[in-house]
Enquirer: 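Structure below; questions to follow.
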Amino acid sequence: NLGNSLKETFNKLARLNKIDKKIAEEIIKDVQRALLQADVNVKLVMKLSENIKKRALKEEVLEGFDAKEHISKIIYEEFSNILGKVTEIELKRQNIMMVGLQGSGKTTSTAKLAKYFQRKGLKTCVICADTFRPGAYDQLSQLCKVHSIPFYGEKGNENAVDVVKNGLNEMKEYEVKIVDTAGRHALEDDLIQEMKEINAVLKPDHKFLVLDAAIGQEAEVQSRKFSEAIGITGVIITKLDGTAKGGGALSAVSETGSSIAFIGVGERIDDLEKFDPDSFISKLVG
Amino acid sequence: SILNEKDLEEPLWNLELALMEGNVALLVVEAIVSSVKSNLIGRKKKLLAHTDEIVEDVLYESIKNVIKNDGLSFDEIIEKSDKPVVILFVGVNGTGKTTTIAKVAKRLKDKGYSVVLASGDTYRTGALEQLEIHGERLGLKVIKHQYGSDPSAVIYDAIEHAKARGIDVVLADTAGRMHTNSNLMRELQKIKRINSPDLTIFVDEAIAGNDALERAKLFDEAIGLDGTILTKLDTDAKGGTAISISYITGKPIFFFGTGQSYDDLIIFQEDWLLNKIFG
Ligand SMILES: Nc1nc2c(ncn2[C@@H]2O[C@H](COP(=O)(O)OP(=O)(O)OP(=O)(O)O)[C@@H](O)[C@H]2O)c(=O)[nH]1
Ligand SMILES: Nc1nc2c(ncn2[C@@H]2O[C@H](COP(=O)(O)OP(=O)(O)OP(=O)(O)O)[C@@H](O)[C@H]2O)c(=O)[nH]1
Ligand SMILES: [Mg+2]
Ligand SMILES: [Mg+2]
């Protein structure tokens, strides 16, 4: 169990009040393994561990701290530099676009997010712009019906951009409009193009990249593509209720120049939480 | 000269990094590299042979052993099994189970088998409609009950239907579920106990990282897996997940999913994957 081995090394450290090179390397090795197992990008793990090691060896252990606390503090700061920010969600009129890879949890998160805004007192609706996946309309319309969320979609229409245009007209009276889109990846040029066209019509205030917590080394390349295509304002990490640690989130945040807005922790409508950096970081490093 | 631990340190470390960048799970990388190391230490280094190349050759063989299928292929199993062959598809949420069932259905239909689909996801909104649309497009019957009904009963009905009509294959869909949800894993055990599928296929995605190892392990422990179909390889995924899952289950990878259309299903071939990894 990786978490335990890191704790053991830390406990060895606790009895020292200065760091020697050998102890630092041992600790760094354990940190590296924890991060790699948490799916953090390999190059990023190497860069982070290099920073942590340099700082651990050169910085003075503060009065009253022991070596263990010294390194923990450094690790926490290095992570906070990347993940410390939470996407600001204003409670005002806005258009939101949900994008991401196939199966990442966009549709489910769309309904969850709509409920979030509804509970904050905003008139919220959902627009189904996934005109590709069999049953996409049924999935989202049923989900919205069950949870009393106003819904717009066009079952027969294969043109996602049209559906969005019509939806914006039909749902004018709603303050928050959340648009669900079909899954797509970096190599699907026609779908990336469709996403750009939806973006141009919707002019969203928020473009959320919905990412599965279990995503592996693909996170960097995919996040970059979505960012280059339309610009991403926030990341939603889903399925954190399993065993995946969501290390890909670090790449997503760096590549998109944004931050994490929410996390998905289950299939139910309330299983959406505002991102908490401390809790996320502590689970990541075990 | 003899290869010693010091000679191997750098080439092995580079290999570890390469494998991890190739999306192989950390624990599997460590297990493979440690077996490569013990294979190599003490070996005679041929004159002029570069340590890097020797290490890579041994690694190639090591990975080949992890992913090779010594058993029957999927097509052979279908051919040899008593009909109706019942195939259960399982996995965590969103990996591509329902879409994969449609692809497998098309493949079987093209080979001349009769197929019926069982809508065993009675939980998620739109799940019934999704499989029904695939059924319509493929001209195949879908056995379904209402949302909220017992998935074991739906699948049972589909098998009875197949027996009564002399249908060759039953493809049973199930709801996605987290391997950590004991109630849902118990539900899956019940489905398997009541319906005794001939094949239990784990559907996971090539874009998953280390978690694929954990979930393959837990699904295998909970209900036993006969093989895997790995989806979403077209996202330019490196294929390392295939090694992780093969390693932990010891079962074959039957197919790769390479897109969202019915023809996007390719038979797993070791050489193809080895070329992808070793360039
Ligand atoms: N356990 C768990 N399951 C989730 C979570 N978010 C979504 N899911 C499930 O993951 C599966 C895929 O979710 P969808 O919302 O359909 O994903 P999607 O991104 O819209 O999929 P595509 O539209 O096909 O790209 C469904 O079974 C959801 O119920 C989560 O936070 N936890
Ligand atoms: N690019 C790509 N997408 C795929 C592949 N297989 C499935 N998908 C897509 O992945 C998404 C999820 O597929 P589903 O078949 O609904 O997945 P599932 O496992 O049944 O999902 P749940 O029942 O909600 O757990 C859909 O958008 C599919 O079109 C594949 O091989 N490549
Ligand atoms: Mg969707
Ligand atoms: Mg499904």
Side-chain angles (χ1 to χ4, degrees), chain A residues 2 32-43 45-46 101-108 111 132-146 182-188 191 212-219 221-222 238-239 241-248 264 266-267, chain B residues 16-27 29-30 92-99 102 123-134 136-137 147 175-181 204-215 218 231-232 234-238 240-241 244 259-260:
Chain A
L2 213 55
Q32 279 178 352
R33 293 188 73 247
L35 296 182
L36 289 168
Q37 202 157 351
D39 296 316
V40 179
N41 180 276
V42 176
K43 288 200 166 59
V45 172
M46 295 308 142
L101 298 173
Q102 285 90 353
S104 65
K106 298 174 292 301
T107 302
T108 310
F132 171 78
R133 172 173 151 154
Y137 176 99
D138 302 286
Q139 181 184 6
L140 192 50
S141 63
Q142 284 171 24
L143 198 48
C144 287
K145 184 150 183 260
V146 165
R184 70 202 73 223
H185 62 73
L187 298 179
E188 292 170 316
L191 296 184
D212 189 324
I215 191 169
Q217 296 296 310
E218 277 297 301
V221 166
Q222 297 296 334
T238 64
K239 308 179 204 172
D241 48 306
T243 45
K245 298 260 168 40
E267 295 187 79
Chain B
E16 273 191 62
L17 288 180
L19 286 176
M20 287 192 290
E21 286 187 308
N23 211 36
V24 182
L26 174 72
L27 294 177
V29 171
E30 290 181 333
V92 304
N93 307 73
T95 55
K97 298 175 290 301
T98 306
T99 309
Y123 169 74
R124 206 206 68 214
T125 59
L128 266 55
E129 289 81 354
Q130 184 182 8
L131 194 61
E132 275 193 303
I133 291 170
H134 284 307
E136 279 168 31
R137 291 181 184 175
Y147 277 108
R177 68 203 64 220
M178 281 301 168
H179 44 297
T180 45
N181 186 320
D204 213 330
E205 49 198 356
I207 47 182
N210 281 264
D211 207 49
L213 187 68
E214 187 63 15
R215 53 215 208 186
L218 289 188
T231 64
K232 308 181 192 174
D234 51 306
T235 53
D236 195 26
K238 314 218 174 61
T241 310
S244 307
Q260 299 181 269

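Below, read A as the first sequence line, B as the second, and so on, with proteins coming before strands; counting in each chain starts at 1.
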Enquirer: Is it the side chain or the backbone of B:Asn181 that comes within 4.5 Å of chain A heavy atoms, both, or neither?
Expert: neither
Enquirer: At a heavy-atom separation under 4.5 Å, does A:Ala186 approach chain B through its side chain, its backbone, both, or neither?
Expert: neither
Enquirer: Which region of B:Thr125, side chain (C-beta onward) or backbone (N, CA, C, O), has a non-hydrogen atom less than 4.5 Å from a non-hydrogen atom of chain A, or is it both or neither?
Expert: both
Enquirer: Exactly one of B:Arg215, B:Lys97, B:Lys232 should register a salt bridge (charged side-chain N to carboxylate O under 4.0 Å, His left out) with B:Asp204. Which one does?
Expert: B:Arg215
Enquirer: Of the backbone (N, CA, C, O) and the side chain (C-beta and beyond), which part of A:Asn41 lies under 4.5 Å from a heavy atom of chain B, both, or neither?
Expert: neither
Enquirer: Let's test your reading of the structure: which of B:Leu213, B:Asp234, B:Asp211, B:Leu128 forms the most heavy-atom pairs below 4.5 Å with chain A?
Expert: B:Asp211
Enquirer: Could you tell me which of A:Gly103, A:Ala219, A:Pro134 has the largest number of non-hydrogen atom pairs under 4.5 Å with chain B?
Expert: A:Pro134
Enquirer: Does any heavy atom of chain A fall under 4.5 Å from the side chain of B:Glu21, the backbone, both, or neither of them?
Expert: both
Enquirer: For the residue pair B:Glu129 / A:Gln142, report whether a side-chain donor-acceptor contact shorter than 3.5 Å exists.
Expert: yes
Enquirer: Rounded to the nearest 0.5 Å, how far apart are CD of A:Gln217 and CD1 of B:Ile207?
Expert: 13.0 Å
Enquirer: Let's test your reading of the structure: which of B:His179, B:His134, B:Gln260 forms the most heavy-atom pairs below 4.5 Å with chain A?
Expert: B:Gln260
Enquirer: Please classify the contact between B:Glu132 and chain A as side chain, backbone, both or neither, with a heavy-atom cut-off of under 4.5 Å.
Expert: neither
Enquirer: Under 4.5 Å from any heavy atom of chain A, what part of B:Ala208 do you find: side chain, backbone, both or neither?
Expert: both
Enquirer: Give a yes or no on whether the backbone of A:Glu218 and the side-chain of B:Asn23 come within a donor-acceptor separation of less than 3.5 Å.
Expert: no
